[in-house]
Amino acid sequence: MAVDLRLDLLVAGSCRHLERMVRRGGAWRSIRFPSLVGVIRHPTQGVVLFDAGYSPRFFAETKSFPYSLYRRMTPVDCGPTDTAAHQLRNLGIAPGDVSRVVLSHFHADHLGGLHDFPNARFSASRAALDPAWRNRSAFRHVRRAFLPGHLPADFETRVDWVEDSRQCAVPGLSREFATGFDLLGDRSLVGLDVSGHVRGQLGLFAERTQGPPTFLVADACWTRRAFTHGELPHPLTRLVTEVPGLYRERIGALARLAAERPEVLLVPSHCEPSVALARGQLGSP
């Protein structure tokens, strides 16, 4: 039986991009995309984060060419008070008390704050990280939206690959999400495969929160309207989508889940309306 959790949602920085890129028919205007961080308080295993958001470290990592290309393509806004670490202190949580960070994938907007949590272990999928990443060129990293300096030097000794954890059934979810990874050993947090945007991307499902069951879907889609209205992104986004066909399939799976279990909160990481809706239903500050 899964235990009860406290789930809060933070926004740790944001970037700007064209609305038309994430929603066909959208305007050719720059809009804000928040970087979501989930904060889970577990009764025995402490504080667990889902992703780490941006931090000012991003600007140091993208100061020089070719990493500066990343900064130009997606302008970022993140000051010292916007970081997950700063906001956790406002919740009465010291960054050193974070026991684990579940990484949806290895794009910079999900990794930026990792250095702020020195005592945390990491949960991630092997499939999401290039095993030869230390030997890849800077241009290849930029193409994959990866800033290697965001990973702590001891990352490999602190990561627990989800493929090595126990799998568990997730009753009541649609068939595409019927099985996941039992991340804490008590089925309270289940890692679900939402690959498509990238291989090995993880979503996080919590059945028992202080509010409704919640599924943090990372970048399985960029807007809520993708699964409520079938609004797919502009075809140009295929350039930054590893498996375009699977990406579309995942959006279809989310649409079926939303229809079959409308009480489940589905929260994409970069959709302001979704974050606001979820915060209201969770009573999150």
Side-chain angles (χ1 to χ4, degrees), residues 11-23 26-37 51-86 101 103-118 122 124-159 195-201 218-219 222 233-244 247 269-270:
V11 170
S14 63
C15 70
R16 301 193 70 84
H17 214 294
L18 294 175
E19 182 184 29
R20 180 65 66 92
M21 288 296 103
V22 300
R23 185 170 71 85
W28 289 105
R29 63 185 177 96
S30 176
I31 62 172
R32 177 177 180 264
F33 293 92
S35 188
L36 181 71
V37 176
D51 285 331
Y54 282 115
S55 81
R57 189 181 186 94
F58 174 86
F59 303 110
E61 297 295 334
T62 58
K63 183 178 180 179
S64 301
F65 185 82
Y67 291 112
S68 58
L69 294 172
Y70 192 164
R71 186 193 299 196
R72 295 172 185 171
M73 289 185 292
T74 54
V76 168
D77 182 16
C78 185
T81 61
D82 298 319
T83 65
H86 180 89
V101 181
L103 299 175
S104 63
H105 59 298
F106 288 85
H107 286 177
D109 49 337
H110 299 261
L111 302 181
L114 286 188
H115 285 266
D116 294 332
F117 308 110
F122 309 120
S125 170
R126 281 194 185 92
L129 183 64
D130 182 350
W133 66 270
R134 290 186 182 276
N135 300 317
R136 300 301 189 191
S137 71
F139 284 100
R140 182 180 174 91
H141 288 325
V142 170
R143 185 175 180 275
R144 295 174 65 90
F146 175 59
L147 299 178
H150 278 345
L151 293 184
D154 59 352
F155 176 80
E156 282 95 345
T157 66
R158 294 166 60 189
V159 66
S195 299
H197 172 60
V198 296
R199 294 177 178 85
Q201 182 177 219
D219 292 10
W222 288 308
H234 193 281
L236 281 176
T237 60
R238 291 188 177 193
L239 298 175
V240 293
T241 303
E242 286 194 8
V243 194
Y247 178 81
S269 286
H270 305 304

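For reference, positions follow the sequence shown, starting with 1.
Of the possible polar contacts, one joining the His270 side chain to the Pro34 backbone as a donor-acceptor pair under 3.5 Å is found. In this structure, the side chain of Arg16 engages the main chain of Ser30 through a donor-acceptor pair within 3.5 Å. Of the possible polar contacts, none joining the Thr241 side chain to the Pro244 backbone as a donor-acceptor pair under 3.5 Å is found. One N or O on the side chain of Asp51 and one on the backbone of Ser104 form a donor-acceptor pair closer than 3.5 Å.
Closest heavy-atom contact between His86 and Thr81: CD2-O, 3.3 Å. Here the closest non-hydrogen pair linking Phe122 and Pro152 is CZ-CG, 4.1 Å. Residues Gly200 and Ser195 come closest through the heavy atom pair N-OG, 2.9 Å. Closest non-hydrogen pair, Tyr70 versus Thr62, comes out as CB-CG2, 4.4 Å. In terms of heavy atoms, Leu111 sits closest to His105 at CD2-O, 3.7 Å. When all heavy atoms of Ala84 and Ala52 are compared, the closest pair comes out as CB-O, 4.1 Å.
Close placement of the Phe139 and Phe65 rings is indicated, their centers lying within 6.0 Å of each other.
The 12-atom threshold is exceeded at CZ of Arg71, counting heavy atoms of other residues, nucleotides or ligands nearer than 6.0 Å.
Residues meeting the side chain to side chain contact (heavy atoms under 4.5 Å, CB included) test with Arg57, sequence neighbours left out: Ser55, Glu61, His115, His150.
Ionic pairing of Arg32 and Asp77 is not present here: no N-O contact between side-chain nitrogen and carboxylate oxygen is shorter than 4.0 angstrom. Classification of Arg144 and Asp130 as a salt-bridged pair fails, no side-chain N sitting under 4.0 Å from a carboxylate O.
Note that CD of Glu242 and CD of Gln201 are 9.5 Å apart. Values are rounded to the nearest 0.5 Å. Note: His110 NE2 to Leu103 CG = 10.0 Å, rounded to the nearest 0.5 Å. Between atom CG of residue Leu18 and atom CD1 of residue Ile31 there is a gap of 8.5 Å, rounded to the nearest 0.5 Å.
A heavy-atom distance below 4.5 Å is found between the side chains of Thr237 and Trp222. Annotation: side chain of Phe146 is in contact with side chain of Leu129 (closest heavy-atom distance under 4.5 Å). Residues Phe33 and Asp109 fail the side-chain proximity criterion, which asks for heavy atoms closer than 4.5 Å. Here the side chains of Ser35 and Ser269 are not in contact, with every heavy-atom distance at 4.5 Å or above. Between Tyr54 and Asp82 there is no side-chain heavy-atom pair separated by less than 4.5 Å. Looking at Phe58 and Cys78, their side chains never come closer than 4.5 Å, going by heavy atoms from C-beta outward.
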Item to check | Derivation of the side-chain contact (heavy atoms from CB on, under 4.5 Å) call for Trp133 and His141 | outcome: CA-CA 8 Å; Trp133 66 270; His141 288 325; 4.3 Å; yes

